[in-house]
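Data first, discussion second: the structure below is written as structure tokens.
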4 protein chains.
Amino acid sequence: MSSLSSPNETPARRERRKEARPGELLQAALTLFVEKGFAATRSEEVAQRAGVSKGTLFLYFPSKEDLFKAVIQENIGKLFPLWSDEMQQFQGSSSDLLRHCVQSWWTQVGATPASGIVKLVMSEAQNFPEIADYYQREVIAPGRELLCRVLARGVASGEFRPMDVSQAVYTLIAPMIFLMMWKHSVGACAPSAQMKDPEEFLQLQVDLLLHGMTSKAS
Amino acid sequence: MSSLSSPNETPARRERRKEARPGELLQAALTLFVEKGFAATRSEEVAQRAGVSKGTLFLYFPSKEDLFKAVIQENIGKLFPLWSDEMQQFQGSSSDLLRHCVQSWWTQVGATPASGIVKLVMSEAQNFPEIADYYQREVIAPGRELLCRVLARGVASGEFRPMDVSQAVYTLIAPMIFLMMWKHSVGACAPSAQMKDPEEFLQLQVDLLLHGMTSKAS
Amino acid sequence: MSSLSSPNETPARRERRKEARPGELLQAALTLFVEKGFAATRSEEVAQRAGVSKGTLFLYFPSKEDLFKAVIQENIGKLFPLWSDEMQQFQGSSSDLLRHCVQSWWTQVGATPASGIVKLVMSEAQNFPEIADYYQREVIAPGRELLCRVLARGVASGEFRPMDVSQAVYTLIAPMIFLMMWKHSVGACAPSAQMKDPEEFLQLQVDLLLHGMTSKAS
Amino acid sequence: MSSLSSPNETPARRERRKEARPGELLQAALTLFVEKGFAATRSEEVAQRAGVSKGTLFLYFPSKEDLFKAVIQENIGKLFPLWSDEMQQFQGSSSDLLRHCVQSWWTQVGATPASGIVKLVMSEAQNFPEIADYYQREVIAPGRELLCRVLARGVASGEFRPMDVSQAVYTLIAPMIFLMMWKHSVGACAPSAQMKDPEEFLQLQVDLLLHGMTSKAS
DNA sequence: TATGAATGAGTCTTCATTCAT
DNA sequence: TATGAATGAAGACTCATTCAT
């Protein structure tokens with residue numbers, strides 16, 4: 001436009017805010033949703049925490065549910081394409097790839113507030129079918145697909161025993177889901193019930209699975 | 001009403017019902033809570049399904065939350081003393097005992113509506129701290145204790161390798177929790193995400209664990 | 001029930017209120033809707049004017065729209081069956097019957113708050129399609145049908161000239177609608193625009209029509 | 001932008017548009033108000049349809065209400081001076097003049113979107129007293145005055161019987177108002193209730209009136 | 001002039017719980 | 001005990017209007 005007139009112009013403050021808003025709101029929503037639950041978080045609280053008025057929230061997200069969907073996408077959904085690429089380029093053994101997957105998930109979801117989103121969705125799925133659908137499409141399906149590909153890779157290379165990968169994935173999913181649910185429900189309320197070392201638990205689970213699955217072990 | 005009938009006849013239906021009331025309410029609550037969720041179930045629905053009026057429900061249970069607690073106790077809490085006894089009297093190997101535990105849990109909780117209660121509690125724990133406390137006391141603690149004893153039994157007899165039982169139990173708990181959560185959240189909403197054969201999955205998990213844990217396997 | 005025990009019992013106060021409530025609410029709604037319009041009347045105002053709380057209103061009418069429908073039925077809809085009977089039994093000439101119809105309408109609707117309802121429905125029809133449907137079914141259709149029967153009666157007896165009754169009715173409807181609209185819009189706001197003598201106007205209109213319609217007149 | 005072009009060329013499109021803005025906004029408002037109602041039309045929609053931003057609308061019209069007033073003036077108010085002139089110069093009989101008036105109204109209002117404005121004003125008059133006042137001043141008063149003059153002309157010439165013209169005008173106004181209200185409320189919602197041939201209806205009404213009014217008829 | 005981001009007042013409806021009967 | 005009428009707090013979302021740019 002007028003880029004020729006001012007050499008190092010920056011967007012007007014108003015403009016910069018406009019671009020920053022969605023992120024600020026998403027961040028606020030993530031924190032509050034995880035802390036208080038989706039239903040228990042008032043839209044206005046989210047707006048306040050992001051430093052804007054109620055109306056502004058609805059300027060960027062047509063509804064509270066859409067805000068939730070965006071939070072899912074921002075914190076989890078967008079990881080799958082990246083992971084998919086990583087997997088494609090991975091050079092090592094399938095065991096290592098599997099370990100890498102679980103590790104990545106732990107680092108980027110399990111150990112972060114995003115884990116609260118997973119817990120939330122599983123908790124509220126019944127009450128918000130549209131969110132459940134969205135989650136199924138954007139998270140569950142890609143997630144399963146990714147893990148299935150990893151298992152299939154191992155089977156194809158002869159590293160893993162032949163198996164029904166579409167069922168076997170649950171063996172990987174289960175400990176992850178468990179960890180997130182536990183952390184954000186009983187773990188959050190009764191410190192005594194908290195898990196001591198989730199990462200070690202995860203390690204153990206994966207080792208167990210690999211030993212059970214690798215050809216050499218049998 | 002029954003004033004015309006003989007005084008020493010069997011208690012009138014009304015009176016017999018009177019004693020059955022709490023149980024009927026509990027049954028109705030279980031069904032509805034599992035089907036629609038805790039928040040989405042109206043107290044009046046519970047009363048209606050039990051054939052009494054809204055007021056009567058509050059005569060037996062001071063609040064909806066208390067009703068929930070009673071449902072937990074009735075459907076899950078009361079199982080632990082029984083299981084504890086069973087365990088005490090079990091004669092076989094610790095592997096078999098472990099399998100038996102998981103089997104019992106599956107039969108009496110996992111495959112029944114009670115599994116929905118577990119899902120519900122994990123979902124609502126944050127919103128109802130009192131319920132979380134209650135659950136921790138009446139379910140989690142006894143459950144962990146029971147499984148810890150089983151593992152310790154195996155270790156003591158030399159059947160299992162030495163281990164930190166208090167962490168190892170999570171390896172058993174995880175697939176159970178996962179199964180219940182999955183079934184009642186994504187599984188209930190997206191048929192495509194449903195698990196095909198939960199029992200087989202469970203079997204597999206236990207086998208995996210036992211192979212990884214038993215001395216002979218190493 | 002126990003009617004044999006107490007000779008002249010009356011329903012408990014609570015009970016009597018229950019039966020009186022709908023009427024009280026309907027009355028309050030009629031007044032407020034006519035005075036302020038449907039959209040501009042808050043549900044709570046209606047409840048307050050009826051001396052109950054907001055919640056109670058929704059105990060008797062599932063929604064504000066349903067309340068409106070009930071107001072229509074109560075104040076206008078229920079008149080048609082009565083009028084239909086009257087017409088059936090009318091013995092005089094069709095001219096007299098027509099005059100009687102218009103007279104009845106004026107006495108029971110035009111000159112009463114019910115006229116405000118008609119104005120309201122015509123005003124809000126676009127914004128509340130469901131109400132428009134209801135009104136069409138419960139008021140317009142029966143009203144037209146009634147007037148058509150009257151005209152047909154006159155034609156059949158040779159008192160009126162042959163005509164397309166289904167279009168001719170509008171000649172009768174028009175001045176009534178006009179009177180109600182005028183009274184509740186410009187008439188209500190600008191006293192100077194108010195009609196002086198609506199009844200005389202109506203008389204004049206009917207006379208004009210009858211002159212035009214009666215066979216002898218031609 | 002146009003700084004590169006010759007200074008004395010025809011006004012740039014932008015500038016020409018600038019002067020056309022109010023008219024475009026008025027046109028857009030007319031269409032939308034009639035289609036969706038006043039309250040249901042968002043200011044932004046009007047602006048959008050006129051190809052400008054929300055802010056610009058408020059630059060030309062201080063409020064939505066003022067926009068409405070301008071729409072009234074533009075589509076109805078400005079007709080009366082013209083009609084008044086026409087009447088002044090009319091040479092034929094008063095019957096013909098009356099027919100001409102009704103005809104003109106039908107052509108320029110009744111059959112055009114302007115009829116929707118009349119309906120709207122009558123609907124919203126209570127909620128917007130200022131609009132009601134404005135309408136009374138700019139439309140009702142001049143309209144009545146015009147018709148009164150026509151009737152008085154007929155009476156003065158002996159063509160019509162003596163009458164209270166200030167009341168008699170309603171006999172002319174009624175069918176017009178009715179037609180507009182009907183078309184834009186029930187007629188718009190329930191096709192079955194729509195009038196078949198409004199023009200014929202109008203004709204009939206006028207004939208009826210003239211028969212009743214002309215001296216010869218008595 | 002023109003823009004469009006931001007504001008915040010306003011309202012229907014649900015439902016756990018109470019209490020007069 | 002049992003009933004069910006009554007209560008009232010709580011929350012998402014819209015949109016006319018403003019004002020910094």
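Here the structure is a predicted model, which means the values were calculated and not measured. The chains referred to below are lettered A, B, ... by the order of the sequence lines, with proteins before strands, and numbering in each begins at 1.
- Rounding to whole angstrom units, CG of residue B:Leu25 and C1' of F:dT3 are separated by 14 Å.
- Between A:Thr56 and A:Ser53 there is a side-chain heavy-atom pair separated by less than 4.5 Å.
- In terms of position along DNA chain E, the nucleotide closest to A:Val52 lies nearer the 5' end than the nucleotide closest to the other residue of the pair A:Val52 and B:Ala39.
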Pair assignment for DNA chain F - dot-bracket with | for other-strand partners, Watson-Crick or G-U under 3.5 Å: .||||||||||||||||||||

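- The shortest side-chain heavy-atom distance between C:Lys69 and C:Lys64 does not fall under the 4.5 Å cut-off.
- Computed from coordinates, the B:Phe38 CZ to E:dC15 C1' distance equals 12 Å when rounded to whole Å.
- Here the P atom of nucleotide E:dG4 and the CZ atom of A:Arg21 are 17 Å apart, to the nearest Å.
- With DNA chain E read from its 5' end, the first of the two nearest nucleotides for C:Ala40 and A:Ser53 is the one closest to A:Ser53.
- Side-chain contact check for A:Val71 versus A:Leu120: every heavy-atom pair is 4.5 Å or farther apart.
- Between the side chain of B:Lys54 and the base of F:dT3, no donor-acceptor pair of N or O atoms lies under 3.5 Å.
- Judged by distance alone, with hydrogens and angles left aside, the side-chain atoms of B:Glu45 form a donor-acceptor pair with the main-chain N or O of B:Arg42 at under 3.5 Å.
- In this structure, B:Gln48 atom CD and F:dT3 atom P are separated by 12 Å, rounded to whole Å.
- With respect to D:Gln126, the side chain to side chain donor-acceptor pair (under 3.5 Å) criterion is satisfied by exactly one of C:Lys119, C:Lys36, C:Glu35: C:Lys119.
- Residues from residues 56-69 of chain A placing a heavy atom under 4.0 Å of any atom in DNA chain F, listed by number, are A:Phe58, A:Ser63, A:Lys64.
- The heavy-atom pair separating C:Ala28 from C:Val46 by the smallest distance is CB-O, 3.6 Å.
- When rounded to the nearest whole Å, the span between CZ of D:Arg42 and C1' of F:dT17 equals 14 Å.
- Residue C:Ser43 places none of its side-chain N or O atoms closer than 4.0 Å to OP1 or OP2 of E:dT11.
- By the 30° and 60° cut-offs, the orientation of the rings of D:Phe68 relative to D:Phe38 is parallel.
- Spacing between atom CD of C:Glu44 and atom P of F:dG11 amounts to 17 Å, rounded to whole angstrom units.
- Between C:Ile131 and C:Glu124, the closest side-chain pair of non-hydrogen atoms is not below 4.5 Å.
- Heavy-atom nearest nucleotides on DNA chain F were determined for B:Gly55 and for D:Thr41, and the one closer to the 5' end corresponds to B:Gly55.
- Atom pair B:Glu24:CD and F:dA2:C1' shows a separation of 14 Å (rounding to whole Å applied).
- By the 4.5 Å heavy-atom criterion applied to side chains, C:Phe58 and C:Ser43 are counted as neighbours.
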